[in-house]
Amino acid sequence: MRTAIAPARPDTFDMLMVHNAFRTHFRALPGLVARVDAGDVERARQLAAFLDELCTGLHEHHTGEDELMWPLLLERAPTHAGSILRMEEQHERIAELVRRARRAAEEFGTAAAASVRDRFAETLRALAAALDEHLAEEEREALPVVEEVMTVEEWRALGERGRAHMPGNRQLIFLGFLMQTASESQRRKLLAEMPPAARLAWRLLGRRSFAREYRAIYRTDPQW
């Protein structure tokens, strides 16, 4: 019987799936907000809640990198220090835009005023652009270094930290956001690596629950 050989280096495909989900939904939010009718407080609050959940997830994602990834890369790949420090600074810039977006979302949710809506949408555009720049640089500059200098166990710890900060009752929904923005090959790979019980939960409950939430936010069915 052939014995499975453990990988020698991290497989960073899971980070790409997370990035794709963040990209897709932060890019979509400015347009969703801009189309809210003035005075539609219910829709304004729905989108504000969606933004809040996305921003919480992004904060935990970046905090995990700040604690468990950047220090190791700086220590073990000092020739890349310039780009790593620049990406750490990008985290700070994105965090400031998140704070501005959350303040605008709270104001927008009080009366859905047109002037607040337009200012909110502009802040979201700036946030999406800053995030796009950061994620592209991280994929181009950081992930190849991760695969060279981090161990599988260290990479796994980063993923486990992210899952530990995810509310249990939202895990299948978050999985849906990952699956819906992934390629077909990425979806197959992710499902193959999940425990059998988790795959069953996704097929029986998760996909349908996610589709319901997606329709509420985007007012259309998810495309797979």
Side-chain angles (χ1 to χ4, degrees), residues 1-26 28 49-73 76 91 131 135 138-139 142-218 220-224:
M1 182 172 62
R2 181 177 298 175
T3 302
I5 300 174
R9 288 298 174 192
D11 181 353
T12 58
F13 101 99
D14 53 342
M15 182 76 82
L16 296 177
M17 291 187 67
V18 172
H19 282 186
N20 285 340
F22 281 135
R23 266 194 196 95
T24 298
H25 302 298
F26 276 104
F50 181 48
L51 171 71
D52 184 67
E53 190 163 51
L54 282 176
C55 288
T56 297
L58 182 63
H59 170 75
E60 294 299 341
H61 178 70
H62 281 177
T63 300
E65 292 177 342
D66 292 340
E67 294 176 353
L68 300 178
M69 190 171 86
W70 303 131
L72 290 177
L73 298 191
R76 297 174 188 174
H91 278 194
L131 187 60
L135 297 180
E138 188 173 301
E139 291 166 6
L143 293 189
V145 181
V146 164
E147 293 172 356
E148 289 179 7
V149 305
M150 286 182 69
T151 68
V152 172
E153 292 75 16
E154 289 164 345
W155 185 251
R156 186 178 296 121
L158 180 60
E160 289 174 352
R161 185 206 179 280
R163 287 186 289 275
H165 286 80
M166 187 185 302
N169 65 345
R170 299 297 293 165
Q171 289 186 1
L172 286 174
I173 301 300
F174 288 170
L175 175 61
F177 282 113
L178 293 182
M179 297 282 280
Q180 193 265 330
T181 55
S183 67
E184 181 60 31
S185 62
Q186 287 174 326
R187 285 196 289 269
R188 287 197 302 268
K189 182 176 174 63
L190 181 60
L191 284 171
E193 294 181 356
M194 288 167 54
R199 285 199 300 272
L200 183 62
W202 166 249
R203 286 169 176 149
L204 294 181
L205 300 172
R207 184 163 175 150
R208 184 168 57 239
S209 297
F210 165 74
R212 185 165 55 247
E213 289 208 14
Y214 186 95
R215 280 192 295 271
I217 295 163
Y218 286 96
T220 188
D221 288 325
Q223 300 298 309
W224 301 95

Under 4.5 Å between any side-chain heavy atoms of Phe177 and Leu54, yes or no?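 Counting from C-beta outward, Phe177 and Leu54 never come under 4.5 Å.
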
NE2 on His19 to OG1 on Thr12, rounded to 0.5 Å: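 Separation between the atoms: 9.5 Å.
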
Measure from the side-chain N and O atoms of Arg9 to the backbone N and O of Val152, and report whether any donor-acceptor pair falls under 3.5 Å.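 It does not hold such a pair.
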
Give me the atom names and distance for the closest heavy-atom approach of Val146 to Met69.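 Looking at all heavy atoms of both residues, the shortest contact is CG2-SD, 3.8 Å.
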
Arg215 atom CZ, neighbour heavy-atom count above 12 within 6.0 Å: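 For Arg215, atom CZ is crowded (more than 12 foreign heavy atoms under 6.0 Å).
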
Looking at every heavy atom in both Ile217 and Phe50, which two are closest together, and how far apart are they?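 Looks like CD1-CD1, 3.5 Å.
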
Tell me, do His91 and Glu138 make a side-chain contact under 4.5 Å, heavy atoms counted?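 Yes; the side chains approach each other to less than 4.5 Å.
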
Donor-acceptor pair, distance only, cut-off 3.5 Å: does the side chain of Arg161 make one with the backbone of Glu60?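 Checking the backbone N and O of Glu60 against the side chain of Arg161, a donor-acceptor pair under 3.5 Å is found.
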
Does the side chain of Gln186 come within less than 4.5 Å of Leu178's, by heavy atoms?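 Contact flag for Leu178/Gln186 side chains = no.
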
Euclidean distance, Lys189 NZ relative to Met17 CE, rounded to 0.5 Å: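 NZ of Lys189 is found 10.5 Å from CE of Met17.
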
Tell me whether the rings of Tyr218 and His25 are parallel (<30°), tilted (30 to 60°) or perpendicular (>60°).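 Because their plane-to-plane angle lies in the 30° to 60° range, the rings of Tyr218 and His25 count as tilted.
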
Glu147 side chain near Trp155 side chain, heavy-atom distance below 4.5 Å: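 No, side chains not in contact.
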
In Å, rounded to the nearest 0.5 Å, how long is the span from CG of Leu131 to CZ of Phe22?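 The CZ atom of Phe22 is 8.0 Å from CG of Leu131, to the nearest 0.5 Å.
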
First locate atom CG of Leu175, then atom CZ of Arg207, and finally report the distance between them rounded to the nearest 0.5 Å.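 Interatomic distance, Leu175 CG to Arg207 CZ, rounded to 0.5 Å: 11.0 Å.
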
Taking every non-hydrogen atom, the tightest pair across Glu139 and Pro144: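 That closest heavy-atom pairing would be O-CD, 3.4 Å.
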
Counting only heavy atoms from other residues, nucleotides and ligands, does the tally under 6.0 Å from CD of Gln223 exceed 12?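 It does not: Gln223 CD has 12 such atoms or fewer within range.
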
Do the non-hydrogen side-chain atoms of Arg187 and Glu184 ever get within less than 4.5 Å of each other?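 Answer yes - side chains close enough.
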
If you measure from CD on Glu53 to CE on Met166, what distance do you get to the nearest 0.5 Å?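 One finds 9.5 Å between CD of Glu53 and CE of Met166.
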
Any side-chain heavy atom of Met15 sitting closer than 4.5 Å to one from His61?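 Side chain of Met15 against side chain of His61, heavy atoms only: contact under 4.5 Å found.
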
Report the distance from atom CG of Leu158 to atom CZ of Arg163, rounding to the nearest 0.5 Å.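 Answer for the CG-CZ pair, Leu158 versus Arg163, is 9.5 Å.
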
Which pair of heavy atoms, one from Asn20 and one from Thr24, lies closest together, and at what distance?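 Residues Asn20 and Thr24, closest heavy atoms: O-OG1, 2.8 Å.
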
Within-4.5 Å side-chain heavy-atom neighbours: Met150 and Leu73: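 A side-chain contact exists here, since the closest heavy-atom pair is under 4.5 Å.
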
Can you name the closest pair of heavy atoms from Leu68 and Ala157 and give their distance?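 For Leu68 versus Ala157, the nearest heavy atoms are CD1-O, 4.0 Å.
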
Where do Pro222 and Phe210 come nearest, in terms of heavy atoms and distance?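 In this case the closest contact between Pro222 and Phe210 is CB-CE2, 4.0 Å.
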
Is the shortest heavy-atom distance from the side chain of Arg23 to the side chain of Thr181 under 4.5 Å?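 The answer is no; the side chains never approach within 4.5 Å.
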
